[in-house]
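Here the structure is laid out as structure tokens; the discussion comes afterwards.
Sequence positions, counted from 1, serve as the residue numbers for this chain.
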Amino acid sequence: MTAHLIQAARAAQHRAARAAAAVGSHHPLARLLLAAAAMTAAAAWEAGHRVTDLHPPRLHERAPRA
């Protein structure tokens, strides 16, 4: 049951990020989607999931820029 919270939070975050990239983070739609993503992430947190459940560690890190 709680695995769907992680999927929902990840999907909400992706939608919000795409909207913010397309129209800017100050656009009303982007702000609405960012708020929805935050609420979904909070629900996952309250259900016992942690940030690492939503953002798994990267398999490889990028080399630092010079």
Side-chain angles (χ1 to χ4, degrees):
M1 174 187 158
T2 58
H4 79 280
L5 287 174
I6 292 298
Q7 293 170 346
R10 189 175 293 128
Q13 179 187 19
H14 286 208
R15 280 191 296 271
R18 284 193 302 267
V23 297
S25 62
H26 293 291
H27 190 278
L29 177 61
R31 293 175 66 87
L32 178 71
L33 290 173
L34 288 166
M39 291 173 53
T40 308
W45 177 269
E46 290 297 322
H49 295 287
R50 297 297 170 245
V51 174
T52 55
D53 296 337
L54 184 57
H55 299 284
R58 293 183 181 185
L59 297 177
H60 63 283
E61 292 294 324
R62 290 187 210 175
R65 292 185 180 183

inquiry  = Tell me the closest heavy-atom pair linking A43 and L5, and the distance in Å.
reply    =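 Looks like O-CD1, 4.0 Å.
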key: Exercise: identify the closest heavy-atom pair between I6 and A44   =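 So the minimum-distance heavy-atom pair works out to CD1-CB, 4.3 Å.
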Using residues 17-34 as the side-chain source, report each donor-acceptor pair under 3.5 Å to any protein atom, sequence neighbours left out, with the distance given to one decimal.
unit_1, atom_1, unit_2, atom_2, d
H27, ND1, L29, N, 3.0

